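Before any comments, here is the structure.
Any value given below was found using the heavy atoms of this structure, including those in side chains, with hydrogens, waters and symmetry copies removed. As the structure is a computational prediction, the values presented were derived from the model and not from experiment.
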Amino acid sequence: MMLYKSTRSTEAASVSAAQAIKQGLAGDGGLFVPERIPALSAADLEALRGMSYPARAARILSLFLTDYTEEELLADCEAAYRPESFAGGAAPLVPVAEPLEILELWHGPTAAFKDMALQIMPRLLSRALAKTGEERTALILVATSGDTGKAALEGYRDVPRVKIMVFYPMDGVSRVQKLQMITQTGRNVGVCGIHGNFDDAQNGVKAIFGDPEMAGQLDRRGYFLSSANSINWGRLAPQIVYYVSAYCDLLNAGKRRMGEPFNVCVPTGNFGNIFAAYLAMRMGLPIQRLICASNSNHILTDFLRTGVYDRNREFHLTMSPSMDILISSNLERLLWLTAGSERTAAYMQALRTAGRYEADPDVMTEIRRTLVGYYATEEETAAAIRRLWEESRYLCDPHTAVAVHAAQRYIRESGDRLPMVVDSTASPYKFANNVYRAVTGLEPDSDLEALEQLRAATGVPVPYPLSGLAGRKIRFADCCEPQQMAQRVMAFIG
Ligand SMILES: *Cc1c(COP(=O)(O)O)cnc(C)c1O
């Protein structure tokens, strides 16, 4: 059985995958990691080539989640990635301008890549409750600045033995994001706006998690608190799948022969998505270079160049908001793989107390064998959207554009012409206002009207999760003060 341990602990691994998924974070504050990395052989890849996406996903997950049966995993993957949810296929690879291949990860129910993990993880959690003998219902609490809340609501909707409640800042999300959340369907979901900003929402949720009296009250009613956070292993493992799947698709398209290398470029925020690619590489997938793309918050570019991770810097709001991050939590897992647990614990301690750490030279040498960092300014991001549209008639969102910019810079500077898989993490319609500005140079009439204006200007269809939003029935008009959040939670479970 594959066991899991904390990135910060030198003790032997002792936790099952189900336990790690249920618990989320290790007891010492570290992140759960598998005790060893399973190998992916050419024979495995040969077998995966002929499979559907759900079958590929089940096979790869079974290497890590050994306490789940193959039947369970296949049933969950087939339900998660069913065609009604992923209308354009789970993770299609679209060639644009050689050598770029865009891996579209946004065909799920919220039109963003978080669906790739959040459609499957709730099913894994639901089974984890049974496997660990948990009799209570999991109550997921989320504070959101927009995208995660909606993806979590869709993922946990009607999942047995789980309820989910999302808090969002009334004036801190876009109109599209708000409409997506307050029209959410499902029997086990709740949504509440708060008078305040995202930090108020986040602090309110943290206060509830840290309140023993609240835990006692919930326990008496048969609930325990859980989070949908991106550091949960149940969110990370499903992300390994699409890198392997992309290579299978390159093989099937005759663009690679078995074993020939390729490159990958990932628009990065919390470092979860790109770490999954790194792990796929360590399993044996022939990724030669992994390009870490950042926006103006380029703390990771600086880290990869200098070895110093320093969060004492200005924070920028950009048109790729899901990458506006100064602490990339999943970087801890890369440090663990390259520096070991003792040094990882020391780096994280320094980050907490001084806001910075310097990785040792041998660690950076190992990391740089695969990873290289580039970033795009706001102007460069808009230019990449416009260029890709004008030259290749491909419409991309600002996060994807950051990655396209980084990939093209890398190719120009290195002369490396291997096939370059670029992750596309959101539908352009999710950020229609900025995409419309970049493509046409015009100001949209409003956030909501930008969708139709962009469609009229480009002829690219609006994906189903975002069409007809204005006509959907509003279910959750409630809002409260930050101090009333706990009360709203208790009212929600009834
Ligand atoms: C979450 C997100 C990212 C960043 O992914 P990480 O795994 O946090 O690095 C990039 N783009 C979009 C659209 C996202 O929603």
Side-chain contact test, heavy atoms from C-beta onward, threshold under 4.5 Å: evaluate it for [X] versus [Y] and give yes or no.
{"X": "Tyr278", "Y": "Leu337", "answer": "yes"}
{"X": "Cys265", "Y": "Met420", "answer": "yes"}
{"X": "Gln408", "Y": "Arg387", "answer": "yes"}
{"X": "Ile274", "Y": "Leu371", "answer": "yes"}
{"X": "Leu448", "Y": "Leu179", "answer": "yes"}
{"X": "Asn229", "Y": "Leu25", "answer": "no"}
{"X": "Val266", "Y": "Tyr243", "answer": "yes"}
{"X": "Leu304", "Y": "Val372", "answer": "no"}

Point-to-point distance, once rounded to the nearest 0.5 Å, from [atom1] of [X] to [atom2] of [Y]:
{"X": "Thr425", "Y": "Leu103", "atom1": "OG1", "atom2": "CG", "result": "10.5 Å"}
{"X": "Ile327", "Y": "Ser329", "atom1": "CD1", "atom2": "OG", "result": "7.0 Å"}
{"X": "Leu61", "Y": "Ile240", "atom1": "CG", "atom2": "CD1", "result": "7.5 Å"}
{"X": "Leu466", "Y": "Lys430", "atom1": "CG", "atom2": "NZ", "result": "6.5 Å"}

Can you check side-chain contact (heavy atoms from CB on, under 4.5 Å) on Ser328 and Leu300, steps first, answer last? CA-CA 8 Å; Ser328 297; Leu300 287 166; 3.6 Å; yes
Can any side-chain N or O of [X] pair as donor or acceptor with the backbone N or O of [Y] at less than 3.5 Å?
{"X": "Asp76", "Y": "Leu73", "value": "no"}
{"X": "Thr148", "Y": "Thr144", "value": "no"}
{"X": "His399", "Y": "Ala426", "value": "no"}
{"X": "Glu101", "Y": "Pro419", "value": "no"}
{"X": "Asp397", "Y": "Ser427", "value": "no"}
{"X": "Arg311", "Y": "Gly355", "value": "no"}
{"X": "Asp324", "Y": "Thr318", "value": "yes"}
{"X": "Ser392", "Y": "Tyr394", "value": "no"}
{"X": "Tyr464", "Y": "Ser85", "value": "yes"}
{"X": "Tyr81", "Y": "Met116", "value": "yes"}

Is the closest side-chain donor-acceptor distance between Asn232 and Arg235 under 3.5 Å? no
Between the side chains of Glu413 and Tyr374, does any donor sit under 3.5 Å from an acceptor?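 Yes, because at least one side-chain N or O of Glu413 sits under 3.5 Å from a partner of the opposite role on Tyr374.
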Apply salt bridge (Lys or Arg N to Asp or Glu O under 4.0 Å) to residues Arg82 and Glu78 and explain how you reach the verdict. CA-CA 6 Å; Arg82 63 189 186 278; Glu78 281 181 339; over 6 Å; no
Looking at [X] and [Y], what are the two nearest heavy atoms and their distance?
{"X": "Pro261", "Y": "Arg256", "value": "O-NH1, 2.8 Å"}
{"X": "Phe431", "Y": "Pro398", "value": "CB-CD, 3.6 Å"}
{"X": "Gly149", "Y": "Val142", "value": "CA-CG1, 4.3 Å"}
{"X": "Met485", "Y": "Val205", "value": "CE-N, 3.6 Å"}
{"X": "Ser230", "Y": "Asn330", "value": "O-ND2, 3.4 Å"}
{"X": "Ala406", "Y": "Ile291", "value": "CB-CG2, 4.0 Å"}

Heavy atoms from other residues, nucleotides or ligands near [atom1] of [X] exceed 12 (cutoff 6.0 Å):
{"X": "Ile474", "atom1": "CD1", "value": "no"}
{"X": "Arg305", "atom1": "CZ", "value": "yes"}
{"X": "Arg488", "atom1": "CZ", "value": "yes"}
{"X": "Glu481", "atom1": "CD", "value": "yes"}
{"X": "Arg475", "atom1": "CZ", "value": "yes"}
{"X": "Arg49", "atom1": "CZ", "value": "yes"}

Going by the angle between their ring planes, with limits at 30° and 60°, are [X] and [Y] parallel, tilted or perpendicular?
{"X": "His298", "Y": "Tyr375", "result": "parallel"}
{"X": "Tyr242", "Y": "Phe113", "result": "perpendicular"}
{"X": "Tyr357", "Y": "Phe303", "result": "perpendicular"}

Qualifying residue, where the test is side chain to side chain contact (heavy atoms under 4.5 Å, CB included) with Leu290 and the options are Thr370, Ile367, Asn263: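 So, applying the side chain to side chain contact (heavy atoms under 4.5 Å, CB included) to Leu290 and each of Thr370, Ile367, Asn263, only Thr370 qualifies.
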What I want to find out is whether Arg289 reaches Asp416 closely enough, with some N-O distance under 4.0 Å, to be called a salt bridge. no
Output yes when Lys178 and Asp447 qualify as a salt bridge under the 4.0 Å nitrogen-oxygen rule, no when they do not. no
Tell me, which pairs form a side-chain hydrogen bond (donor to acceptor under 3.5 Å, both in side chains) where one or both residues lie in residues 109-123, sequence neighbours left out?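 Residue pairs passing side-chain hydrogen bond (donor to acceptor under 3.5 Å, both in side chains), neighbours aside: Thr110-Asp115.
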Is it true that the NZ or CZ of Arg393 lies under 6.0 Å from the centre of Trp389's six-membered ring and within 45 degrees of the ring axis? yes
Go through the steps for Val404 and Ile102 under the test side-chain contact (heavy atoms from CB on, under 4.5 Å), then give the verdict. CA-CA 9 Å; Val404 166; Ile102 307 270; 4.2 Å; yes
Verdict with reasoning, Asn434 to Ile385, per side-chain contact (heavy atoms from CB on, under 4.5 Å): CA-CA 10 Å; Asn434 282 314; Ile385 295 175; 5.9 Å; no
Tell me, with the steps shown, if Phe476 and Val189 meet side-chain contact (heavy atoms from CB on, under 4.5 Å). CA-CA 10 Å; Phe476 302 102; Val189 305; 3.8 Å; yes
